[in-house]
Every structure is written in C-alpha cells, then in structure tokens.
Amino acid sequence: MAWVFAIFLLIAAIVVGRLVYLQVIVADDYAAEAREARTVEIPITPKRGTIYDRDGRVLAASVDATTVCCNPREVKDVDATAKAIAETLGGKADDYREPLTREDTSFAYIKRKADVDAAKKLREADLAGVYFIADTKRVYPNGSVGGQIIGLVNIDGVGQTGLEAYYDDILGGKEGKITYEQGATGIIINGTLQTEEAVAGKDITISLDIDLQQKVEKSVTAMAKDMKAKSGQSLVVDATSGEILACASTPLLDPTNTEVIEEHAAEAQCVTRAFEPGSIFKSVAMLAALEDGSVTPNDSFYCPNILPADEYYVSDAHEREDQTMTATEILVRSSNVGISLIAKRMGFDKLNDAIARYGLDSTLTGVDYPGESAGYLLDFDQWSRIQGYNIAFGQGISETPVQMARFYGAIANGGVAYTPHFLVSRADGGEVSWKGSQIVDDERALEELVTMLKLVVSEGTGVGAQISGFSVAGKTGTAEYVEEGHEDEGYKRDHYNNSFIGFLPDTDSKLVCFVGASEVPSETATTEVFQDIMSFAIERYNVNSIQE
C-alpha cells in the first residue's frame with residue numbers, strides 16, 4: 001500500500017506540475033499562439049506617390065480601385081456566386097470557382113484592384129461571403145512612352161523595375177492592414193475587426209521631357225528596324241546639370257501591357273549594358289594627349305596602312321595608302337593607326353591615368369537607376385602594346401552610353417562633368433543634390449578638341465549629323481564586338497556596334513545626345529538619327545546659335 005500511495009503521489013505531482021507549467025509558466029505564450037491561430041491579417045496597399053515629368057505632366061499615378069475577396073466558408077451557392085462575379089467583373093464563372101471553394105482558409109482574393117464601378121455593382125448583389133476592400137492601382141496616362149524609365153510595380157504595389165523600384169522608399173508609403181479574429185468555423189468574431197490605415201507615398205518629379213522621350217523612342221525603334229540591329233539606344237543629357245531628358249532602348253517596355261515582356265525591355269540599356277565604344281572613344285585619347293602637351297592639333301604623324309604591334313597589326317577601317325596626317329586629320333578621318341601613334345607618343349601610362357580621371361574606368365556614374373553597369377578597363381600592369389593601341393580607339397575597353405554622355409558633357413561644359421540623373425525634386429522635402437566634378441582643367445585642350453569634333457561633322461566621318469544653321473561637334477563610332485556566349489571565337493565578323501555622340505557648340509544649349517545601334521550586320525551610320533533627335537530638341541527648346 002505504501003508503494004501504491006507513493007506512486008499515486010508521484011503521478012499527482014507530475015499532473016499538478018504540468019498544470020502549473022501550462023497555466024502559469026507558459027500560459028501567456030499559449031494564449032498568444034491561440035490568438036495568432038484565430039487572427040487573420042489582410043494587408044492594405046498604400047496609395048503610391050505620383051511621378052511627374054519635368055513640366056509637371058503625370059507619368060505614373062495611383063487611382064482608386066477595389067479588391068474583391070471572400071471567406072469560402074461563408075459562401076452558400078458557389079455556382080450562383082461565380083456566375084454573378086463573372087457578369088460584373090468579366091471572365092468566365094469557372095475563373096472564380098477556385099477561391100470560392102478553398103477549404104484551407106477563411107480568406108481568399110477573388111480579384112485584386114478591380115474597377116471601382118464594377119465592384120460597386122457586385123456589392124449590390126449582396127453575395128454571402130464576398131467582401132470588398134478599398135484599394136488603388138497604378139495607371140500610366142502616356143501609355144508606353146517612358147515606361148522603361150518609369151518602371152513597373154507588382155500586384156502589391158511595390159516597385160520592381162526602373163524608377164518605381166529605385167525610389168520605392170519615397171513612392172511606396174507604408175502598408176496598412178485589416179485585422180480580425182475568426183471562430184472555429186471561420187466566421188468573424190463580432191467586435192474584433194480593426195483597421196490600420198495605410199500611409200500614402202510621396203510624389204517625385206523627374207527630368208524626363210515626355211515629348212522628347214516619345215521622339216527618341218520612335219527614332220530608335222525605326223533605326224533598329226531599318227538597320228536590323230539587335231537593339232537601338234539613345235539618351236539626351238543636359239551637360240549643365242546632368243539631367244537626363246530622354247533615354248530609351250529597344251525593345252521598349254509598355255507598363256500598360258505586361259503579359260509578355262521581351263528580354264531587356266524592362267531595363268534602360270544606356271545604363272545597364274556596357275559595350276566596346278569604338279571610335280567615339282578616340283576623343284578620350286585625343287583629349288588626354290592635348291592636355292598632356294605631347295600633341296598639338298597640327299602635329300604630323302606618318303601613318304602606315306598597317307601598324308605592327310607585338311604579333312598583331314592595327315589598320316584603319318578602310319584600306320588606304322601610307323600617308324602623313326595631322327592630329328586633327330587623324331580624328332576627322334577616324335584613323336585607328338593615327339590615334340594609336342598619338343597614344344604611344346603620350347605614353348600608355350598617361351592614357352590609363354586620363355581614363356580613370358575622366359571616370360571611364362570601372363567607376364560608376366552614380367545615375368539613379370537600378371542595375372547600372374560598370375565599365376571595364378584592364379589593369380595597367382597587364383597592358384601590352386597592342387592593348388594600348390586598341391584601347392586608344394575604343395576596343396578592349398567597355399563603357400556604358402551614360403558614361404560616354406557624361407564625358408562628352410564635360411567637353412561641352414568647360415570640363416565639368418555632372419552625375420547623370422533623373423530625380424529633380426521630391427514632395428517629402430528630402431534633399432536633391434547632384435555632384436559636379438571638374439575632370440578637365442585645360443581650357444586650351446578643350447577648345448582644340450571641340451574644333452576637331454566640329455570638323456568631324458563638317459567634313460569627316462560625321463557629315464550625316466549636320467544640322468542646317470547650327471554647328472555640331474561629335475564623333476562616330478564603329479566597333480567590333482564579341483558575341484555573347486561565343487567569347488572563345490573572338491570578334492564577330494562583319495557585325496558592328498555603330499554609334500554617334502555629339503552636342504551643339506556655339507549655341508545657348510549644352511544638350512548631349514548619344515545614339516547607338518547594337519550588333520548591326522553593316523557599318524551603317526547613326527548620324528542621321530542624331531540629326532533627327534537634335535533637330536527636334538532645337539525646335540522644342542528654342543535653341544539659338546551664338547556667334548563669337
């Protein structure tokens with residue numbers, strides 16, 4: 001009996017101890033778990049801030065919408081309910097059966113961000129188990145224009161690409177929520193419904209000019225088609241501030257139709273994809289030599305038709321006889337041999353230093369757009385003679401168009417290069433400040449280079465960029481490229497990256513325009529597209545010539 005009594009006491013102690021543990025020690029934890037199990041939280045998407053262009057025109061805005069949801073456990077007649085929903089929201093009744101018949105939840109979305117009027121009509125049907133939540137949806141008044149820059153949001157209203165993603169912390173606001181408790185059957189417990197209101201996002205104004213953007217998009221689309229290019233790109237930048245007025249690359253992105261998005265359509269390739277720039281980079285080597293003083297515009301160079309370098313040879317794009325050219329003629333005729341000799345006289349070490357000083361190495365520009373690509377420059381201690389020559393004429397080095405636009409902007413702007421950017425102002429009062437750097441101090445060298453670049457257009461390889469009544473300074477580029485996925489095969493034969501970049505000297509404008517066509521099966525010039533875009537800009541901004 002003593003042993004039985006002892007065992008009984010032991011069991012009683014265990015039971016009492018367990019009760020004390022459950023009701024005293026972990027009671028709060030279990031109570032919290034129980035509340036969590038019967039608590040349902042539904043997020044409320046905040047209204048995103050509006051994006052305006054530089055003239056105050058709406059590019060992206062949020063408008064009222066209604067999200068339709070249900071508690072499947074409260075739905076009485078699935079077939080009738082699905083039919084009523086289809087008649088008001090569109091689609092087929094079968095499209096709505098899945099959320100109405102779910103057994104694992106007391107909450108399911110029927111249609112998110114539905115039209116307000118359609119949802120109102122559905123509400124009047126008073127369907128059991130169907131509920132309505134005030135919501136917003138993103139709209140784009142200009143359709144596809146500027147979509148690549150503006151970007152996309154997901155169904156939850158969170159920025160995914162473009163400026164919608166980059167400035168999501170400003171535009172996005174703070175999410176709200178609806179909280180309620182449900183009983184064992186999934187019915188809402190009276191008095192438990194609580195709403196935490198969402199906080200709306202703030203507006204921003206960006207530098208895009210939607211009219212110029214539309215012109216650029218049409219121009220690069222037509223150019224890519226005519227040249228059979230893999231992609232066409234263009235951007236227009238104000239060198240006095242770094243503001244990007246237009247930027248586009250094909251294929252374009254239509255934020256109003258995202259069912260099928262082509263590869264690279266959701267990115268501005270002028271920012272995200274580096275390329276071997278070819279001859280537009282010759283201005284870099286020439287400016288470095290002019291600054292260094294090792295070359296003057298009238299210095300003569302004997303330029304053989306073929307220049308040996310290690311076990312390789314450098315030649316010009318088109319066959320010619322051996323001849324003597326001045327430094328100016330070398331740039332005007334875009335001679336690979338000539339610019340190689342200029343770089344050799346200056347010293348490859350000084351060319352390397354100048355490239356870094358101009359921000360054309362692996363340094364990012366800091367442009368406010370997601371996914372900026374860094375350029376590529378081989379470490380100087382690995383340069384051979386042929387690599388030094390190649391880099392001088394823009395092969396064996398990679399740049400983004402926005403890097404090149406920043407550099408040419410400094411040429412147009414007295415040596416000062418500004419950070420390329422889109423954001424102009426923000427409604428939340430946050431500071432907007434973009435840095436300018438003096439990357440060239442030698443005014444004489446800049447003046448000499450501008451004179452050379454004007455001759456490139458007036459009588460050299462860039463004659464197609466001429467604009468009646470205006471001086472144009474710029475440089476053509478025709479670069480070979482290595483096909484992606486075929487790096488071991490070297491440069492692709494008879495295919496090129498063609499480009500032109502320039503500005504309008506002797507005017508009251510310092511707009512810089514880049515135009516590029518990637519992977520083109522010919523050496524077709526892009527100068528006429530530059531001429532088309534800049535002629536539009538001249539008229540739009542009432543650009544005037546300034547004669548000294």
Next item on the list: Measure up the Tyr481 and His495 rings against each other and bin them: parallel (under 30°), tilted (30 to 60°), perpendicular (over 60°).
Entry: perpendicular

Next item on the list: Give a yes or no answer on whether the side chain of Asp316 reaches the backbone of His318 with a donor-acceptor pair at less than 3.5 Å.
Entry: no

Check: When Ser518 is tested against each of Arg273, Gln233, Gln269 for side-chain hydrogen bond (donor to acceptor under 3.5 Å, both in side chains), which residue passes?
Finding: Gln233

Margin query: What's the separation between atom CZ in Arg54 and atom CZ in Phe422, rounded to the nearest 0.5 Å?
Written below: 12.0 Å

Check: Any sub-3.5 Å donor-acceptor pair from Thr324's side-chain atoms to Tyr302's backbone N or O?
Finding: no

Checklist line | CA sep, side-chain torsions, deciding dist, call: Asp209, Tyr541, side chain to side chain donor-acceptor pair (under 3.5 Å) | finding: CA-CA 11 Å; Asp209 174 348; Tyr541 302 118; 2.4 Å; yes

Next item on the list: Would you sort out whether Gln323 and Glu329 count as a side chain to side chain contact (heavy atoms under 4.5 Å, CB included), showing the intermediate values?
Entry: CA-CA 11 Å; Gln323 63 185 112; Glu329 289 172 331; over 6 Å; no

Note to self: Taking atom CD as the centre, does Glu443 end up with more than 12 heavy-atom neighbours from other residues, nucleotides or ligands that are less than 6.0 angstrom away?
What the structure shows: no

Notebook entry, point to check: How far does CD1 of Ile330 sit from CE of Met286, to the nearest 0.5 angstrom?
Noted result: 6.0 Å

Check: Going by distance alone, is a donor N or O of one side chain under 3.5 Å from an acceptor N or O of the other, for Glu372 and Thr400?
Finding: no

Note to self: Between Thr461 and Ser334, is there a side-chain donor-acceptor contact under 3.5 Å, judged purely by atom types and distance?
What the structure shows: no

Notebook entry, point to check: Can you find a side-chain donor-acceptor pair between Gln160 and Glu164 that sits under 3.5 Å?
Noted result: no

Margin query: Show, in sequence, the C-alpha distance, side-chain angles and deciding distance for Phe503 and Lys510, and conclude whether the side chain to side chain contact (heavy atoms under 4.5 Å, CB included) test is met.
Written below: CA-CA 7 Å; Phe503 53 93; Lys510 286 184 169 54; over 6 Å; no

Note to self: For Thr328 and Thr326, which I'm curious about, is there any donor-acceptor pair between the side chains at under 3.5 Å?
What the structure shows: no

Margin query: Could you tell me if Asn390 and Tyr312 have a donor-acceptor pair between their side chains, going purely by distance under 3.5 Å?
Written below: no

Check: Taking it one step at a time, do Thr524 and Ser522 satisfy side chain to side chain donor-acceptor pair (under 3.5 Å)?
Finding: CA-CA 5 Å; Thr524 312; Ser522 68; 2.4 Å; yes

Notebook entry, point to check: Are the side chain of Asp508 and the backbone N or O of Asn544 linked by a donor-acceptor pair below 3.5 Å?
Noted result: yes

Next item on the list: For Asp368 and Tyr167, test the side chains for any donor-to-acceptor distance below 3.5 angstrom and give the result as yes or no.
Entry: yes

Margin query: Measuring from atom OG of Ser509 to atom CG of Leu504, what distance do you get when rounded to the nearest 0.5 angstrom?
Written below: 5.5 Å

Check: Should we say atom CD of Glu263 is surrounded by more than 12 heavy atoms from elsewhere, each under 6.0 Å from it?
Finding: no

Next item on the list: Could you go through the side chain to side chain contact (heavy atoms under 4.5 Å, CB included) check for Ile391 and Ile355 one step at a time?
Entry: CA-CA 10 Å; Ile391 289 170; Ile355 291 171; 3.7 Å; yes

Item checked: Parallel, tilted or perpendicular: ring planes of His421 versus Trp434, cut at 30 and 60 degrees -> parallel

Item checked: Trace of the side chain to side chain contact (heavy atoms under 4.5 Å, CB included) decision for Leu377 with Asn352 -> CA-CA 9 Å; Leu377 176 65; Asn352 176 70; 3.5 Å; yes

Check: Just how far is it from atom CZ of Arg406 to atom OG of Ser437, taken to the nearest 0.5 Å?
Finding: 6.0 Å

Next item on the list: Answer yes or no: is there a donor N or O on one side and an acceptor on the other, between the side chain of Tyr408 and the main chain of Ile280, under 3.5 Å?
Entry: yes

Notebook entry, point to check: Taking atom types as modelled, is there a side-chain donor on Ser384 or Gln387 under 3.5 Å from an acceptor on the other?
Noted result: yes

Item checked: Check: Glu523/Thr478 side-chain N/O donor and acceptor closer than 3.5 Å -> no

